[in-house]
There are 2 protein chains.
Amino acid sequence: MNKNEFLLTQGNVCRHLYFLEKGALRGFYNLDGKEITHWFGFEKDFVTSFHSFITGEAAVENIQLIEGCTLWAIAKETLTELFNQHHDIERLVRIAYEKYYIRLEERYVNAQFKAAKERYEELIQQAPHIVERVPLGFIASYLGISQETLSRIRSRF
Amino acid sequence: MNKNEFLLTQGNVCRHLYFLEKGALRGFYNLDGKEITHWFGFEKDFVTSFHSFITGEAAVENIQLIEGCTLWAIAKETLTELFNQHHDIERLVRIAYEKYYIRLEERYVNAQFKAAKERYEELIQQAPHIVERVPLGFIASYLGISQETLSRIRSRF
DNA sequence: TTTAATTTTTGACTTATATCAAAAACCCAA
DNA sequence: TTGGGTTTTTGATATAAGTCAAAAATTAAA
């Protein structure tokens, strides 16, 4: 699939879990007319609109490619069957959840209690590939700061 | 156990998952000399220091009773055995994780993109029991705002 | 190339929320 | 009941980050 294409648009139910073999994409939603990027996916990541995939409700978010991508999709029903047939896979997923949860907890603490500058510095430390491959505007909303402020932080003000 | 007692103090590994039959408690950690409450537990909740319980690392947080509580504890090893013996329990836990994850995602979005006042109003809507049973100071840090600001919001300024 | 479109930077100004300090209200224990 | 401790409120001031607008810089297209 090509750059800027959508894997999912808001209002639709996300019925697949994707495996991103190659490329980069982002999940974002609209808030007061602004696009808020809240996660990125890169090579070897499993991606989906988590809330919609789990609950079966319409997604509030969009998934859009930042680069050309190679993707594999697995339908939710297929995954459920796998869970029934292979205990090990369910265990793997359970453990994956634990890791994701812990990571989100950390992001949460950062969002709420760290200054914009610190958040950016930590991002450079922990996920330099994001800073390298993603436009500044997306990163700003991902960090929950305005584009202008991020630009100023970058020029170390 | 009695009010103000600790179930866990930072620096120790949390080896149990607790079931809170009755009472209320909070998880908090220290940041720049301030106590940041980041979750509450009430009747019928399962509680633990998630990160420490999962990873086996020392906890950065404390768990303290807000009221007198009746608690049950299950050790991590016991839980692991249960997973091995009963596929159903692992499935239950997997599904619990999904719900917790979604809830945290929502909180995250609120923390980053909503104003202090909105966050408080949503809390009243979605978890009035917190507002009723928990001191204002704890709620303020839970919402990521200062006690003074929350006090002013409350007196609808 | 040369132009057009997009993204990033810079500047001036505003605003929400934090901080520090002190007063008021509340809650118990003796 | 009364006095001490905690919790909440109020006031004054400071500051990080947002907004709006326009100028650079970069990227894409013709």
Side-chain angles (χ1 to χ4, degrees), chain A residues 2-6 23-26 28 30-38 40 64-68 107-124 130-157, chain B residues 2-6 24-26 28 30-38 40 64-68 108-124 130-157:
Chain A
N2 296 317
K3 184 171 171 175
N4 294 330
E5 275 190 75
F6 285 81
L25 41 72
R26 66 176 184 132
F28 75 92
N30 288 288
L31 189 75
D32 313 327
K34 273 175 298 185
E35 292 185 354
I36 307 293
T37 298
H38 70 128
F40 297 107
Q64 186 185 26
L65 310 209
I66 297 176
E67 305 173 353
R107 263 191 84 195
Y108 176 72
V109 169
N110 285 349
Q112 208 163 21
F113 302 109
K114 302 229 166 134
K117 193 178 166 188
E118 293 176 278
R119 274 180 265 156
Y120 183 63
E121 280 163 0
E122 272 189 30
L123 187 70
I124 292 173
I130 292 184
V131 181
E132 282 152 21
R133 286 167 67 176
V134 174
L136 173 135
F138 294 171
I139 296 173
S141 71
Y142 175 76
L143 292 174
I145 59 190
S146 76
Q147 189 165 305
E148 294 93 327
T149 298
L150 182 55
S151 171
R152 285 184 244 259
I153 286 168
R154 215 194 225 175
S155 64
R156 41 204 68 68
F157 98 101
Chain B
N2 296 317
K3 184 171 171 174
N4 295 330
E5 276 190 76
F6 285 81
L25 41 73
R26 66 177 182 132
F28 75 92
N30 288 288
L31 189 76
D32 313 326
K34 273 177 301 187
E35 292 185 355
I36 307 293
T37 298
H38 69 130
F40 296 108
Q64 186 185 27
L65 310 209
I66 298 176
E67 306 173 353
Y108 177 72
V109 169
N110 285 348
Q112 208 163 22
F113 302 109
K114 302 228 166 133
K117 194 180 167 187
E118 294 176 277
R119 273 180 266 157
Y120 183 63
E121 280 163 359
E122 272 188 31
L123 187 71
I124 292 174
I130 292 182
V131 181
E132 284 152 20
R133 286 167 66 177
V134 174
L136 174 135
F138 294 171
I139 296 173
S141 72
Y142 176 75
L143 292 173
I145 59 189
S146 76
Q147 189 165 309
E148 293 92 328
T149 298
L150 182 53
S151 170
R152 285 182 245 259
I153 286 169
R154 212 193 228 176
S155 64
R156 42 203 66 69
F157 96 102

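Throughout, protein chains are lettered first and strands after them, A, B, ... in sequence-line order, and every chain is numbered starting at 1.
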Electrostatic pair E122(B):K117(B) at N-O distance under 4.0 angstrom |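 K117(B) and E122(B): not salt-bridged.
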
Atom-pair distance ([atom1] on [X]; [atom2] on [N]), nearest Å:
X       : N       : atom1 : atom2 : answer
L143(B) : dA16(C) : CG    : C1'   : 16 Å
L136(B) : dC26(C) : CG    : P     : 13 Å
K34(B)  : dC20(C) : NZ    : C1'   : 12 Å
E118(A) : dA16(D) : CD    : P     : 12 Å
I145(B) : dA16(D) : CD1   : C1'   : 17 Å
F138(A) : dT6(C)  : CZ    : P     : 13 Å
R119(B) : dA18(C) : CZ    : C1'   : 13 Å
L31(B)  : dA18(C) : CG    : P     : 13 Å

Would you mind telling me which of [options] lies closest to the side-chain atoms of [X]?
X       : options                   : result
A116(A) : dT8(D), dA18(C), dA17(D)  : dA17(D)
S146(B) : dA18(C), dT17(C), dT8(C)  : dA18(C)
Q147(B) : dA28(D), dT8(D), dT8(C)   : dT8(D)
R152(A) : dG11(C), dA12(D), dA28(D) : dG11(C)

So, taking the atom named [atom1] in [X] and the one named [atom2] in [Y], what distance separates them when rounded to the nearest 0.5 Å?
X       : Y       : atom1 : atom2 : value
F113(A) : H38(B)  : CZ    : NE2   : 9.0 Å
I124(B) : R154(B) : CD1   : CZ    : 8.5 Å
E5(B)   : L25(B)  : CD    : CG    : 11.5 Å

Reckon [X] has a side-chain N or O less than 4.0 Å from the OP1 or OP2 of [N]?
X       : N       : result
R154(A) : dT8(C)  : no
S151(A) : dT8(C)  : no
K3(A)   : dT27(D) : no
S155(A) : dT10(C) : yes

Classify the nucleic acid contact of L150(A) as base, sugar-phosphate or nothing, counting any heavy atom under 4.0 Å across all strands shown.
->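 Nothing, no nucleic acid heavy atom in range.
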
E148(A) or K114(A), whichever maps to the more 5' nucleotide of DNA chain D |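 Residue closer to the 5' terminus by nearest nucleotide: K114(A).
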
Is a donor on one side and an acceptor on the other found under 3.5 Å between the side chain of R26(B) and the backbone of T37(B)?
->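 Side chain of R26(B) to backbone of T37(B): no pair is present.
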
